[in-house]
Visitor: 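Quick one: the structure is below, and I'll ask about it shortly.
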There are 2 protein chains.
Amino acid sequence: MLDVAILGLLMDRDHHGYEVRSQLRERLGVSANVSFGSIYPALARLERHGLVEAVAPAAPRSPAISTGSLAGERASLRSLRTSAGLGRRGRKVYRITERGRQEFRALLADPTTVDDGRTFSLRVALARYLTPALRVRLLERRRQDLLERLTEVRQGADNPDLDAYARSVMSHAAHSVELDLEWIDDLLSIERSDSETFAREAK
Amino acid sequence: MLDVAILGLLMDRDHHGYEVRSQLRERLGVSANVSFGSIYPALARLERHGLVEAVAPAAPRSPAISTGSLAGERASLRSLRTSAGLGRRGRKVYRITERGRQEFRALLADPTTVDDGRTFSLRVALARYLTPALRVRLLERRRQDLLERLTEVRQGADNPDLDAYARSVMSHAAHSVELDLEWIDDLLSIERSDSETFAREAK
DNA sequence: GTTCCATCATATCACTTCGATATATCGATG
DNA sequence: CATCGATATATCGAAGTGATATGATGGAAC
């Protein structure tokens, strides 16, 4: 689901690979540091599929009339970089394409993929790109999954075959799921009160 | 860290691959269904490294004096399986070796690997195999990580650049981390009261 | 009793992700 | 002006995922 995350960031504004990593944490709440070994291949993949494109850099500094041979080499290297989409400081900045926007909305709304905690949080963080109806569907789907998980970990917490540590893990998992459920119910009640407001104003 | 999980299960009793998957959920609280595409290669890897070994099955039913050619083929197939460590119903049961036990304790206590939520829960679920001192170290290390994460997500929750959904994700992440911290502090206080009890009894 | 189905069980595939490592540039500090 | 930490891209092997194939087993339905 890294693709959705990257496309989601690019919906807002252009980014280069290095920046994507920090933005994932800061804007989308991704807890683990996603490795560059997944980000750069992902960007290349998205570019290959025509969902993003490399952006010509803003203003590649004064053209610098070359004098010495060394300076000339450096200048040509620089122009080589800029033509390849590399801006100042070797940055390769990407922009989302129209096909990318379409694909992003499709991926974000896709009901066939099962969410775990990470992908669900990611989707919520990007929920402003969903319609109210799709938001409610996303939340209710996750709610169901969590209810099932809850009965499972509650059983584990009461399982006398497990030692105190394993039971503690199960019991904490149960509390954690309960907290998630409260969150989802909050979000759902906000969605519903929003749609009420909308209905009232529509009169 | 799948290796630790599997070795941890085998510390208790022998298992075959298919069983490992369910036990991961039931006994170790792993939330995602770990795929067979990782379990079987992991077992093969552990066997290659001499940390586990295939077990000859308990009692491969009555030897069945073969009569017809078809029955004979089936019987020979069965003996072929049993000799390869395949028991009834094609199960390949694994047992942990002495080297495996040593490696398990080393991996479980290893302070160089950074825990995320999943690996930390896994380690706690297996914490009975750690010494009290190592348990406290594990808990305090995680506690530090969570405190850092907490300041980060709290900043995100207050960041006016983010929309309501992204801020909600951050705010929920903060509550979730707070719950984790309470859990860890509970576990720590239990560890300390246990060591007190021990000290008192030692008098 | 045998046919049929869900579950049990192993295995492999292409693809994605991770963690480590290499390399180079920029900007501030001394 | 040297050097060090942060910025930035890239690539590698190992490991995990999700899908799919294949077949045995046990029990239920008829």
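Reminder, nothing fancy here: chain letters follow the sequence lines and each chain counts from 1. Remember, predicted model here, so these are calculated numbers, not experimental data.
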Visitor: Consider salt bridge (Lys or Arg N to Asp or Glu O under 4.0 Å). Of R143(A), R123(A), R137(A), which one does D115(A) pass it with?
Guide: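 With D115(A) as partner, R143(A), R123(A), R137(A) yield a single salt bridge (Lys or Arg N to Asp or Glu O under 4.0 Å), made by R123(A).
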Visitor: When you match G37(A) and A42(B) each to their closest nucleotide on DNA chain D, which lands nearer the 5' end?
Guide: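 Nearer the 5' end of the strand: G37(A).
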Visitor: Does R192(B) come within less than 4.0 Å of E140(B), counting only side-chain N to carboxylate O?
Guide: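 Judged by the 4.0 Å cut-off on N to carboxylate O distance, R192(B) and E140(B) do form a salt bridge.
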Visitor: Establish, with yes or no, whether the OP1 or OP2 oxygen of dG16(D) is under 4.0 angstrom from a side-chain nitrogen or oxygen of S35(B).
Guide: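 So the side chain of S35(B) is outside the cut-off, no N or O lying under 4.0 Å from OP1 or OP2 of dG16(D).
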Visitor: Provide, to the nearest angstrom, the distance between the OH atom belonging to Y94(A) and the P atom belonging to dA8(D).
Guide: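 Those two atoms, OH and P, are 14 Å apart.
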Visitor: Check the phosphate of dA6(D) against R21(A), side-chain N and O only, distance under 4.0 Å to OP1 or OP2. Yes or no?
Guide: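 Checking dA6(D) against R21(A), no side-chain N or O comes under 4.0 Å of OP1 or OP2.
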Visitor: dC15(C) C1' sits how many Å from R48(A) CZ, rounded?
Guide: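 One finds 11 Å between C1' of dC15(C) and CZ of R48(A), rounded.
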Visitor: Could you state the CZ-C1' distance from F36(A) to dT23(C), rounded to the nearest angstrom?
Guide: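 Taking CZ of F36(A) and C1' of dT23(C), I get 14 Å after rounding.
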Visitor: Does the side chain of V55(A) come within less than 4.5 Å of K92(A)'s, by heavy atoms?
Guide: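 Of all side-chain heavy-atom pairs linking V55(A) with K92(A), none is under 4.5 Å.
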Visitor: Here's one to test your reading of the geometry: is the NZ or CZ of R91(B) within 45 degrees of the ring axis of Y18(B) and under 6.0 Å from its centre?
Guide: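 So R91(B) doesn't make the cation-pi contact.
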Visitor: Measure from CD1 on I39(A) to P on dA8(D) and round the result to the nearest Å.
Guide: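 I39(A) atom CD1 is separated from dA8(D) atom P by 13 Å.
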Visitor: How many Å lie between CG on D3(A) and P on dT17(D), as a whole number?
Guide: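 So the two atoms are 17 Å apart, to the nearest Å.
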Visitor: OP1, OP2 of dA11(C) versus side-chain N and O of Y40(B): anything below 4.0 Å?
Guide: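 The answer is no; no side-chain N or O of Y40(B) sits under 4.0 Å from OP1 or OP2.
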Visitor: OP1 or OP2 of dT16(C) less than 4.0 angstrom from a side-chain nitrogen or oxygen of S38(A), does that happen here?
Guide: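 False: S38(A) side-chain N/O out of range (4.0 Å or more) of dT16(C) OP1/OP2.
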Visitor: Find out whether R13(A) and E19(A) are in side-chain contact, i.e. whether some heavy atom of one side chain is under 4.5 Å from a heavy atom of the other.
Guide: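 In contact.
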Visitor: Which nucleotide, dA9(C), dT10(C), dG16(D), lies nearest any side-chain atom of L2(B)?
Guide: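 Looking only at heavy atoms from C-beta outward on L2(B), the closest nucleotide is dG16(D).
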Visitor: Starting from P on dT9(D), measure out to CZ on R45(A) and report it in whole angstrom.
Guide: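 My rounded result for the distance is 17 Å.
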Visitor: For M1(A) and dT17(C), what is the distance between atoms CE and P respectively, to the nearest whole Å?
Guide: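 Computing the M1(A):CE to dT17(C):P distance gives 9 Å.
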Visitor: Report yes if at least one side-chain N or O of Y18(B) is closer than 4.0 Å to OP1 or OP2 of dC8(C); otherwise report no.
Guide: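 Yes.
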Visitor: CG of L43(A) versus P of dT16(C): gap in Å, rounded?
Guide: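 About 13 Å, once rounded to whole Å.
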